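Just the heavy atoms: all of them, side chains too, but no hydrogens, waters or symmetry mates, feed the values below. Predicted, not measured: the structure shown is a model, and the values here were computed from it. Order of appearance sets the numbers: ligands from 1, and atoms from 1 within every ligand.
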Amino acid sequence: MTTVVASAVPIAISTRPRPPDGPPGAERSTATGAMPTTGPLVDPFGRAHDDLRISVTDRCNLRCTYCMPEEGMTFLPRTELLSFDEIVRVAGVARSLGVSSIRLTGGEPLVRRGLAGLVGRLATLGFEDLALTTNGMLLAGQAAALSDAGLHRVNISCDSLRAARFTAIRRHGDLATVLAAMDAAEDAGLHPVKVNVVLLRGQNDDEILDFAAFARETGRVVRFIEFMPLDAQGRWDRHQLVPGREVFDRISAAWPLEPADAVPGPAPAERFRFVDGVGEIGLISSVTQPFCGTCNRLRLTADGSIRNCLFSDDEHELTGLLRAGGTDDDVERHLRAAVWGKRAGHGINDPGFLRPARSMSMIGG
Ligand code: SAM
């Protein structure tokens with residue numbers, strides 16, 4: 001049985017810098033300087049953008065309750081999806097502008113046929129980090145091919161360690177398949193496996209310690225994600241999310257935590273390791289402790305728009321340009337303009353916050 005001890009280490013978990021121009025949600029920069037035309041992708045607040053999330057499809061083989069309705073989702077016609085050639089082209093321009101990290105996502109990226117082929121082509125561009133976020137349902141059969149193609153690592157979503165509850169939350173999926181996918185990913189050399197858990201009040205928050213124990217037993221990095229106002233049903237409300245601070249307190253009362261060694265560069269998860277040296281967790285507290293001040297991310301949607309923030313409806317559409325003979329310089333201008341238009345913060349906590357028109361699966365999480 002686990003010995004429960006109070007955390008001996010007082011830790012402030014909201015140590016991230018605020019945006020230089022005020023709190024998250026501040027209005028667009030009033031910077032009068034011109035958009036840079038050389039150098040890295042910087043926004044008016046000086047944040048350099050070197051992390052590109054690429055959604056390869058808005059389709060998914062699951063219907064997680066906090067993401068999509070069970071029925072009635074309308075998906076993009078296939079002709080509107082960027083082709084792999086188009087994705088590689090945008091990624092190549094981004095690489096030349098200093099983007100060093102790529103994450104493939106969706107929808108569910110593994111439902112797109114031939115994904116390992118895309119990974120192989122992206123790998124030749126020399127990104128320092130090439131990762132995939134997946135629900136794991138189709139991963140076991142593809143892990144070796146993805147790894148051989150040059151994928152570095154995977155994040156696998158798993159919202160419960162109890163089979164019936166897992167299926168209730170994710171609809172259509174099953175826990176055994178996802179646990180087997182984690183094993184397959186590790187066997188294929190996709191390290192470290194990170195496990196994404198969206199915590200929902202009253203639904204799976206009684207599993208926080210189970211997930212912490214899972215992290216300790218398996219060496220997988222469990223990341224607890226706050227529920228964000230990005231569900232397609234528009235049912236989000238603040239009372240459903242479980243604040244990262246609470247997760248920290250509950251885990252550290254059982255197993256004391258301390259900040260993990262910082263990895264270079266900004267990251268959405270605040271990382272903590274167990275003081276006894278056994279395992280690590282992450283907290284992605286996007287709502288209660290926004291990390292906009294160090295945001296380095298931009299997104300390419302499956303239908304070819306550049307977005308500078310999950311929560312901003314500002315999109316720079318690239319598809320028309322790509323399909324009408326636009327040059328790489330044109331693509332670069334769009335990437336720069338998208339980053340230059342970024343706001344200081346996502347604004348979820350502002351009184352006038354309006355949720356974005358597109359939901360998580362349509363943007364690419
Ligand atoms: N299908 C893949 C998966 O399940 O990991 C990749 C796409 S999914 C949109 C990416 C991540 O976003 C998953 O970890 C999922 O749990 C999370 N997610 C989806 N909707 C969310 C929401 N409203 N708030 C917080 N996280 C959400």
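Under a 4.0 Å N-O distance rule, the pair Asp249/Arg245 qualifies as a salt bridge. Looking at Asp205 and Arg201, a side-chain N of the basic residue comes within less than 4.0 Å of a carboxylate O on the acidic one, giving a salt bridge. By the 4.0 Å N-to-carboxylate-O rule, Arg333 lies too far from Asp328 to be salt-bridged with it.
Neither the backbone nor the side chain of Asn155 comes within contact range of ligand 1; no heavy atom lies under 4.0 Å.
Both tests do not hold together for Arg121 against Phe84: distance to the six-membered ring centre under 6.0 Å, angle to the ring axis within 45°. Taking the ring axis of Phe274 as reference, the NZ or CZ atom of Arg216 stays within 45° of it and closer than 6.0 Å to the ring centre.
If you number the atoms of ligand 1 from 1 as listed, the ones under 4.0 Å from a heavy atom of Phe227 come out as 22 (C), 23 (N), 24 (N). Residue-ligand proximity, Thr105 to ligand 1, at heavy-atom distances under 4.0 Å covers atoms 6 (C), 7 (C). Within ligand 1, counting atoms from 1 as listed, the ones closer than 4.0 Å to a heavy atom of Asn196 are 14 (O).
For atom 5 (O) of ligand 1, the closest heavy atom belonging to the protein is Ser157 OG, 2.5 Å. Closest to atom 9 (C) of ligand 1, if we only count protein heavy atoms, is Met360 CG, 3.4 Å. Closest to atom 26 (N) of ligand 1, if we only count protein heavy atoms, is Val198 CG2, 3.5 Å.
With atom 23 (N) of ligand 1 as the reference point, the heavy atom nearest to it among Arg170, Glu108, Gln233, Met228 is part of Met228.
With sequence neighbours excluded, no residue forms a ring pair (Phe, Tyr, Trp, His ring centres under 6.0 Å) with Phe224.
Screening Arg358, Arg323, Arg78 for a salt bridge (charged side-chain N to carboxylate O under 4.0 Å, His left out) with Asp303, the sole residue that qualifies is Arg358.
Between Tyr66 and ligand 1, an N or O atom pair is found at a separation short of 3.5 Å.
The closest approach between any non-hydrogen atom of Gly107 and ligand 1 is below 4.0 Å.
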